[in-house]
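Here the structure comes first, spelled out in structure tokens, and everything after it is commentary.
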Amino acid sequence: VIMQRAGRSITEIFQAYGETTFREWESAFCREFSEPAGLVISTGGGALVSAENRIAMQAPGNILICLSISPDVLLDRLKNSKDRPLATDPQRLLELYKKRLPAYQQIRLKIDTTNLEPSTAAEAVIRLYQRELDRTRIRTRVQSPEGEYDILCGVNLLSQLPRLLIDYDLRGRTVVATNETLAPLYGQAVVESLPNAALVTIPDGELYKNLATVEQLYRDFAEAGLDRAGLVIALGGGVVGDTVGFAAATYMRGVRLIQVPTSLLSMVDSSVGGKVGVDIPEGKNLVGAFKQPEMVLIDTGVLKTLPEVELRCGLAEAIKHALLADPDLLNCIDEIRQGDPDVLRRVVQVKVDVVQRDPFEQGERAHLNLGHTFGHAIERVSGYQWRHGEAVAVGMAAAAKLSTAVSTLTQEKADQIIEILQKAGLPTTYSSYDPGAIWEAMHTDKKWRSGHSQFVILEDIGRPNIVRDVPRDIIVNILESIRN
Ligand SMILES: NC(=O)c1ccc[n+]([C@@H]2O[C@H](COP(=O)([O-])OP(=O)(O)OC[C@H]3O[C@@H](n4cnc5c(N)ncnc54)[C@H](O)[C@@H]3O)[C@@H](O)[C@H]2O)c1
């Protein structure tokens, strides 16, 4: 196209205007053709070296594939080429190849054409294109400070993991880390399906989300031969995701991580956003890191073995997402319960949108704590006898009442929220604990460390906000009203 427009060959363009001008035209071309328009665009090797061009060509709806090749075959194929000004000298070509390689490695989809004829390479392109097309239907792309990653959400995705690892170029020694409950259910089969993987298990339960388990994981990783180029797959609920994720973030200063959440809560909440960490006796999640995964793989089929009580806990977080940003989801509780991938993707999208806008929890991400200030305090006064999701459900009932007391949420809407929680089988009241003790327990909340109370409220369903320094009386009264 550039030759056509300039009315000259590439060599002539280079001679007349220089490479810089040619690259500028190339960039303009990439921008112009970045709009998906049913085209197959074959670029020169230099076009996608610029990150800006790569981003333009990967606009939503486009599929970018890198055809890679070994340097000796490249030299052989180009030896008679007349119109490649940068490929005339083999030594120079090799240097250029090495220089450009890091840029090519940024392109996720690759086909190695070293041993392929043009026709078989074309077939490989078509196959990859069709697979990608299928995948775009199940994919949510997340922008994070460390780059992009995909959340894939669908049925039976675990069986596709071997293929996915190849397509996403996630090779190397692999450790599948899971817990004792999930190892026989899914872990062993996953390890057996992968060519270079070892299984590592941790005990089941929040009690083991601690530094002792992390240390054991480091040692198991080392014993399994995991090196810096290795890959850790965290297969399990939020406890596995957080603990194994933290081990992956710190082992050898960080190895690549894939999150495979298996509980509803971890699918819609903990696997997204990059927060990993463990508990210490002084508090929950007090030690941690941000570790963005290479991919999150949600196989909704695994929900069939999730105990009902755990499903309900996940529903609480899903309802929270609906209340924060997608009220229509409140009409889809049954679909969420059944693990409908299309609906789960929407629930996940709420968290994705928030963490993309606030990756390091400096502002808006705090909205995800709706119901959590109350919930955490109930968990604490119960000596962690309450499940997190159920405590959050009571917390959301309290937050609904607070929203009516100090903001604009109508009484009718607050009642509606409580009814939705109850219909989902979640508690909205508590007994036994003294409201004053719950208020006191709130003061140890991480978010209150600066000395000011902080609550997430709803100005309306779908419109969260934060209120600070709410007087004790208001909170204690609300806690009194939901005590039975
Ligand atoms: N990192 C974050 O951003 C974030 C956000 C929210 C919660 N969390 C953390 O997540 C944890 C809670 O996660 P959770 O609710 O998934 O608890 P969990 O990981 O303890 O899982 C609950 C139980 O369900 C079992 N289980 C999970 N998937 C199963 C399946 N498919 N079939 C059968 N059994 C299955 C587990 O073995 C466990 O016994 C807490 O530690 C919390 O702090 C982290």
Side-chain angles (χ1 to χ4, degrees), residues 142 144 155 157-158 177-187 189-190 201-210 213-214 234-246 248-249 257 259-280 283-293 296-318 320-321 339 347-348 350-352 354-355 358-361 365-372 375-376 379-380 384 386-393 395 445-446:
V142 187
S144 84
V155 189
L157 287 188
L158 266 186
T178 187
N179 71 20
E180 285 161 349
T181 308
L182 294 158
L185 285 173
Y186 308 107
V190 168
T201 54
I202 63 174
D204 191 353
E206 181 78 31
L207 202 60
Y208 300 97
K209 187 176 141 176
N210 59 27
T213 304
V214 171
L235 172 78
V239 168
V240 169
D242 280 11
T243 316
V244 172
F246 183 66
L257 170 71
Q259 292 277 14
V260 183
T262 60
S263 66
L264 181 58
L265 179 138
S266 57
M267 290 176 182
V268 301
D269 194 351
S270 60
S271 65
V272 181
K275 282 210 274 179
V276 291
V278 293
D279 308 331
I280 55 174
K284 277 192 67 181
N285 298 320
L286 281 190
V287 177
F290 283 99
K291 170 74 180 166
Q292 304 299 339
V296 179
L297 189 78
I298 302 177
D299 181 342
T300 57
V302 304
L303 290 174
K304 66 180 182 293
T305 55
L306 185 71
E308 168 64 23
V309 61
E310 300 298 346
L311 193 73
R312 277 203 301 269
C313 288
L315 267 184
E317 302 287 354
K320 179 193 78 180
H321 288 181
V347 181
V348 173
V350 172
K351 178 140 186 195
V352 169
V354 173
V355 300
D358 181 14
F360 296 119
E361 198 164 347
R365 193 162 172 171
H367 291 169
L368 295 170
N369 290 321
L370 179 70
H372 280 58
H376 283 150
E379 281 181 275
R380 207 165 291 128
Y384 293 96
W386 272 68
R387 281 170 193 276
H388 176 71
E390 293 181 323
V392 166
D445 194 290
K446 266 197 294 204

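As the structure lists them, so they are numbered: ligands from 1, and atoms in each ligand from 1. The model shown is predicted, which means the values in this text are computed figures rather than measured ones.
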Could you establish whether His388 and ligand 1 come within less than 4.0 Å of each other, counting only heavy atoms on the residue side? no
Calculate, to the nearest 0.5 Å, the distance between atoms CG and NZ belonging to Asn285 and Lys275 respectively. 7.5 Å
Do any N/O atoms on Gly238 end up under 3.5 angstrom from N/O atoms on ligand 1? yes
Would Gly205 count as a polar contact of ligand 1, with the cut-off being nitrogen or oxygen pairs under 3.5 Å? no
In terms of residue, atom name and distance, what is the protein heavy atom nearest to atom 28 (N) of ligand 1? Thr262 OG1, 2.8 Å
Contact (N/O only, under 3.5 Å) between Leu265 and ligand 1: no
Answer side chain, backbone, both or neither: which part of Cys313 comes under 4.0 Å from ligand 1, heavy atoms only. neither
Could you check whether Glu317 pairs with Lys351 (Lys NZ or Arg NE/NH1/NH2 to Asp/Glu carboxylate O, under 4.0 Å)? no
Option passing side-chain hydrogen bond (donor to acceptor under 3.5 Å, both in side chains) with Thr181 (candidates Thr305, Asp204, Thr201, Thr262): Asp204
Any N or O of Ser266 that comes nearer than 3.5 Å to an N or O of ligand 1? no
Residues, nucleotides or ligands: over 12 heavy atoms within 6.0 Å of Tyr186 OH: yes
Using distance alone, determine whether Thr305 and ligand 1 share an N or O pair under 3.5 Å. yes
Give yes if a backbone or side-chain nitrogen or oxygen of Asp269 is under 3.5 Å from a nitrogen or oxygen of ligand 1, and no if not. no
At under 4.0 Å between heavy atoms, what of Asn285 touches ligand 1? The answer is side chain
If I apply the N/O under 3.5 Å rule, does Asp204 come out as touching ligand 1? yes
protein heavy-atom neighbour closest to atom 34 (N) of ligand 1 works out as Pro307 CD, 3.7 Å
When you measure from atom 26 (N) of ligand 1 to every protein heavy atom, which one gives the shortest distance, and what is it? Leu306 CD1, 3.7 Å
Would you mind checking which non-hydrogen protein atom is closest to atom 1 (N) of ligand 1, with the distance to 0.1 Å? Lys275 O, 2.8 Å
Just heavy atoms, cut-off under 4.0 Å: does Glu317 contact ligand 1 by side chain, backbone, both, or neither? neither
Once you restrict to heavy atoms under 4.0 Å, what part of Asp242 touches ligand 1? Side chain, backbone, both or neither. side chain
Close side-chain approach of Glu206 to Lys284, heavy-atom, < 4.5 Å: yes
